[in-house]
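This report concerns only the one structure given below.
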Amino acid sequence: MRTQLEKIKSEVKEALNKVKSLEEVNELKVKYLGKKGELTQVLRGMGQLVPEERPIIGQLANEIRDELNKVLDEQVKKIKKIEQEQKLNLETIDVTLPGKQFLKGTKHPLSLVIEEAKQIFMGLGFQIAEGPEIETDYYNFEALNLPKDHPARDMQDTFYITSDVVLRTHTSPVQVRSMESLTPEVPVKIICPGKVYRKDDDATHSPMFHQIEGLVIDMGIRMSDLKGVLLAFVQQMFGPDRKIRFRPSYFPFTEPSAEVDVSCGICKGDGCKACSYTGWLEILGSGMVHPNVLKYGGYDPTKVKGFAFGMGVERIAMLKYNINDMRLFFENDIRFLRQF
Amino acid sequence: MRVSFKWLKEYVDIDISPEELAEKLTNTGVAVENVEYLNKGIENVVIGEVLEAVKHPNAEKLSLCQVTTDGKNRFQVVCGAPNVRAGQKVPFALVGAVLPGNVKIKKAKLRGTESQGMICSALELGINEDSLNPEQKEGILVLDDSATLGTSIIDYLGLDDCVLEFDLTPNRSDCLSVINIAREVAAILGKEVKLPYVRFKEIDKTTEKVAQVEIKDPDLCHRYVAKVVEGVEIKPSPQWLQHKLRCAGMRPINNVVDITNYVLMEMGQPLHAFDYDFLREGKIIVRKAHKNEKIITLDGNERNLTDEMLLITDPEKAVAIAGVMGGLNSEVTEKTTTVLIESAYFNPVNVRRTSTALGLRSEASIRFEKGINIETVVDAVNRAAQLLQDLAGGRVLKGVVDNYPNPIKRTIVELELNKVNDILGTNIKHDRIKEILKSLNFIVREEKENAITVEVPPYRTDVSIPEDLIEEVARIDGYNNIPTTLPFSATSKGQKTLEQKLRDKIMDIMTARGLSEVINFSFINKTNFDKLLFSEEDERRNAISVINPLSEEQGYMRTTLLPGLLDTLRRNIYRRNENLGIFELGKVYLPKGFPEKSTLPEEKWTLGIAVRGTLVSHWQNKGTVVDFYYLKGIIEDLLIQLKLNSIEFKPCKDNPSYHPGRTAYIYVEDELLGILGELHPQVADNYGLPQRNYVAELDVEVLLKLGHGPFMLKQLPKYPAVNRDLAIVVKDEIPASDLLKVISEVGGKLLVDIEVFDLYKGNQIPQGYKSIAFSLIFQAEDRTLTDKEINDIHEKIHKALADKFKASLRA
Ligand SMILES: [Zn+2]
């Protein structure tokens with residue numbers, strides 16, 4: 001019997017080397033270990049053994065069965081692994097083909113710049129004001145210290161709707177409108193983004209463009225505060241390493257007035273083609289609110305002071321995104337828009 | 001304003017380079033735009049004389065010339081200029097010379113003849129085109145007979161100079177004068193100004209004897225000074241004077257005219273020289289024009305005048321438009337011997353109105369309209385007299401006629417010294433403030449502990465209030481010295497208004513749905529209304545017009561976003577971007593009684609959408625072809641995200657720009673929100689668009705009004721939902737919304753959701769009918785529904801559909 005058992009063991013082991021599929025392993029299992037399997041058959045013959053031999057043979061038989069089960073199981077695992085590998089191999093795809101596209105829309109670069117400016121100024125405590133684009137001569141000029149026949153009206157070529165109504169040439173009329181609605185409250189801290197119109201059309205001018213106006217009125221406001229607020233804005237909009245420079249200028253509604261330059265981001269101020277080798281780029285006009293304008297807005301210029309600034313959104317977007325032609329903003333080429 | 005650097009140096013000692021000066025001036029508020037060097041690379045060009053000029057043997061248009069540069073040597077030169085003649089003094093580029101643009105002159109053979117150099121034109125020498133007369137633009141530059149042979153042309157024409165090109169702000173019109181710029185330079189550099197020494201002999205005869213001035217409108221002419229000079233010889237001005245005028249971009253004409261221009265540039269005072277012999281009785285009358293009066297101005301144009309315009313006249317005729325331009329009838333010509341020089345102060349507003357009305361701007365008018373220095377009116381006429389004596393051999397009559405009825409006092413401003421630092425945030429010492437003001441020729445009349453009274457120099461017409469003085473101090477002290485601080489006021493974070501937040505949200509939803517934002521011009525061409533098939537009575541034709549548009553294309557303010565959107569589609573399609581999803585969130589402009597009944601028109605925020613083509617295509621599938629339901633899905637999503645209730649889409653057949661069978665009005669809580677649909681094929685054609693475009697227009701104000709604020713969470717259901725399908729066959733014309741309405745009504749509270757999941761028309765059902773299938777979801781909040789309950793409701797729904805719409809169940 002012992003030899004029979006040993007024979008079964010070696011037979012199974014030998015057979016296992018040849019099997020390739022799970023079915024074959026199962027067949028082996030049934031053939032040797034199943035209810036009618038060879039090992040079972042052998043064990044059924046135990047009764048014929050002498051009593052002393054039974055436990056010894058029984059133990060041997062169990063050992064062989066366990067061992068056979070173990071090797072069979074191992075073989076099953078091995079085959080399963082191979083089969084899975086083969087299956088996965090068949091499932092190989094070209095991972096270099098492009099992925100699914102999700103339709104994504106984009107906001108216009110001018111909207112992005114306006115939104116960013118809004119966020120920066122809201123962080124500094126400004127509210128967002130709005131006003132009409134079709135505006136009276138009074139708010140667009142007169143209340144900004146630009147009476148009829150003032151030579152400085154030439155600075156802005158105006159579109160007229162009637163002799164007394166214009167397309168606003170700047171967002172500054174919102175200054176007076178805001179003051180009127182807020183007086184005598186202080187502080188006034190508003191910005192007003194919006195469309196403005198001037199009779200101009202070339203690569204650097206568009207008859208319609210966008211501005212952001214800013215106005216602060218409070219007791220004890222100084223020109224140095226204007227510098228501080230604009231520096232904070234510029235560094236958040238363009239980067240913390242940027243500097244600003246004030247140059248004397250003239251606007252009828254501010255006195256003193258300043259043109260503000262930001263240091264060139266390309267050459268870091270050393271001078272390059274983009275900044276005409278000056279190291280500086282002009283970005284906005286500003287100044288202390290003219291006493292007459294405060295009066296028009298209903299504030300007493302001996303008690304409160306203010307500053308105001310106005311910037312071209314297109315100009316900022318051009319600098320920020322390296323856009324070289326004003327017309328791109330309004331042609332709305334989808335290949336342009338989708339880059340933002 | 002363009003000024004010769006050398007000329008400027010005559011009045012103030014400048015010991016820095018032109019570029020350094022330009023930077024300093026710019027940083028203190030008198031911006032220099034550009035420094036232009038006049039010698040643009042000339043080498044070896046000298047004055048030569050044309051000894052001989054004959055026709056070239058082999059070329060009709062060329063001349064064969066002999067040129068000498070010292071009277072002895074001879075160069076054979078082929079010249080193509082039509083004006084070359086023997087005896088002329090000319091700029092001659094020797095072999096080896098260099099001209100602007102790095103043009104090197106070499107020995108050459110032209111039509112078989114050797115040419116040893118070149119006779120130059122003014123343009124070839126790089127001379128400013130504005131300063132040339134037409135003849136000088138075409139031919140060679142002919143020099144004065146007195147020019148010395150062999151002299152470098154650079155020395156002769158003064159090309160070793162540069163021009164400062166100023167970009168002046170309108171308040172600094174005082175700097176339209178070289179002397180006033182010199183004053184500014186002196187203040188910046190801490191130097192003194194050297195004014196020209198004006199001296200001349202006068203004959204015994206007085207100006208008063210031969211000339212009279214009567215001012216009929218003292219409000220429009222505050223001062224009028226005349227001086228007469230006899231025996232002038234009209235000839236070209238000397239080179240040094242011509243050079244200064246050329247630098248200024250002015251064309252030298254003759255000595256008398258050039259002298260008036262010279263004084264205008266030097267002192268900022270416009271002068272006019274009349275030929276005295278054409279002034280009747282030597283009498284000047286300053287008066288308004290008569291209605292329909294006409295005058296031919298120096299430029300040869302006849303001008304129609306209005307009775308608002310001020311004229312210079314003699315007893316019988318108009319001789320000049322005051323402050324704008326002289327008349328042809330009294331112009332200085334070669335035959336003139338006696339001139340009357342006018343130096344006046346005209347009302348700035350009136351000059352501005354006249355010059356604007358006539359479309360005529362001159363060097364004089366741009367100065368008068370900004371206000372000149374009324375105190376130097378006499379100085380200017382004397383300066384002219386001196387130059388007429390020196391350069392035209394004139395005999396100057398004694399004295400002037402000075403009609404100055406109401407002398408103007410100088411402006412006085414009181415300045416609290418502390419205010420300077422209060423406004424600037426600086427710490428400038430009081431002494432420094434006074435020092436700066438004095439350097440700019442402000443006179444401190446009175447000094448108190450903390451305040452000074454300042455007299456403003458008469459040429460600084462822009463200064464009248466303390467803030468103006470503060471700016472003067474700040475700019476000379478340096479804007480860079482102003483520190484950087486933040487406002488005192490407590491910082492609370494700013495907030496957007498509800499409307500602003502709503503617009504942001506709309507943009508977010510639109511972009512999340514794959515649409516790109518566009519921004520179109522607010523103005524449109526009125527032809528769009530025809531292209532959009534608007535009826536004659538359509539309210540939207542009533543657009544606000546721009547009086548002075550750049551072009552007809554931009555003549556009207558848009559009353560609809562469609563033209564901009566459709567033009568954008570077309571522009572993109574032309575560039576082969578055919579699959580498009582765009583939106584614009586912008587205003588339309590509606591008169592609403594403007595201008596008769598309201599001060600301003602209404603500006604209404606509107607959302608416009610346009611989609612077309614195949615979107616999201618991919619190699620795995622062909623993509624989604626945009627159709628009505630694609631656009632409707634976007635809008636439904638928008639309305640759901642904005643938490644709008646009671647949304648209804650109703651078929652729309654009456655909007656002329658839309659496809660009558662594929663368009664719907666959108667209602668929210670019974671209010672019209674907008675419209676969506678397929679663009680009418682004819683409209684698409686009119687805009688050059690290939691077929692099937694889908695557009696929508698929504699009223700943002702309605703969204704704002706009906707959009708609900710914070711919403712309440714619906715509790716998640718605790719009991720299971722049961723899904724039942726219902727497929728029916730009904731007449732095709734019955735809209736799905738009617739069916740859904742009935743199902744929903746009958747289903748009641750337990751029917752929590754309905755979805756259309758299939759639509760079929762075809763062979764298996766009768767013609768004119770459709771099969772439509774709904775998926776119904778039943779659920780109760782408080783229990784699990786039984787089959788019987790659901791079957792009952794289902795049955796009721798079916799019955800209601802059968803009753804109302806003659807619907808039959810489809811197996
Ligand atoms: Zn740079």
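On a predicted model such as this, the values are computed, not experimentally measured, just so you know. Proteins get letters first, then strands, A, B, ... in listed order; numbering begins at 1 in each.
In this structure, chain B has a heavy atom under 4.5 Å from the side chain of A:Leu167, while its backbone stays farther away. There is no contact between A:Asp164 and chain B, counting heavy-atom distances below 4.5 Å. Only the side chain of B:Leu615 comes within contact range of chain A, with at least one heavy atom under 4.5 Å from a heavy atom of that chain. Contacts of A:Tyr160 with chain B are made by both backbone and side-chain atoms, with heavy-atom separations under 4.5 Å. The parts of B:Ile519 that come within reach of chain A are both its backbone and its side chain, each placing non-hydrogen atoms under 4.5 angstrom from that chain. Within the 4.5 angstrom heavy-atom criterion, only side-chain atoms of B:Ile465, from C-beta onward, approach chain A. Using a 4.5 Å cut-off between heavy atoms, B:Asp508 contacts chain A through both its backbone and its side chain. Proximity to chain B is limited to the side chain of A:Ser206, based on heavy atoms less than 4.5 angstrom apart. When heavy atoms are compared at a cutoff of 4.5 Å, B:Arg571 approaches chain A solely by way of its side chain, counted from C-beta outward. If you measure heavy-atom distances from B:Ser173 to chain A, you find no contacts under 4.5 Å at all. For a residue to count as touching a neighbouring chain, one of its non-hydrogen atoms must lie under 4.5 Å from one of that chain's; by this rule A:Glu259 does not touch chain B.
Judged by distance alone, with hydrogens and angles left aside, the side-chain atoms of A:Ser224 form no donor-acceptor pair with the main-chain N or O of B:Ile482 at under 3.5 Å. Although no hydrogens or angles enter the test, the distance criterion places no donor-acceptor pair under 3.5 Å between the side chain of B:Ser355 and the main chain of B:Arg361.
Contact count against chain B (heavy-atom pairs under 4.5 Å) is highest for A:Pro248 among A:Pro248, A:Pro207, A:Pro98, A:Gly228. When each of A:Glu135, A:Lys227, A:Arg245 is scored by its heavy-atom pairs under 4.5 Å with chain B, the top score falls to A:Lys227.
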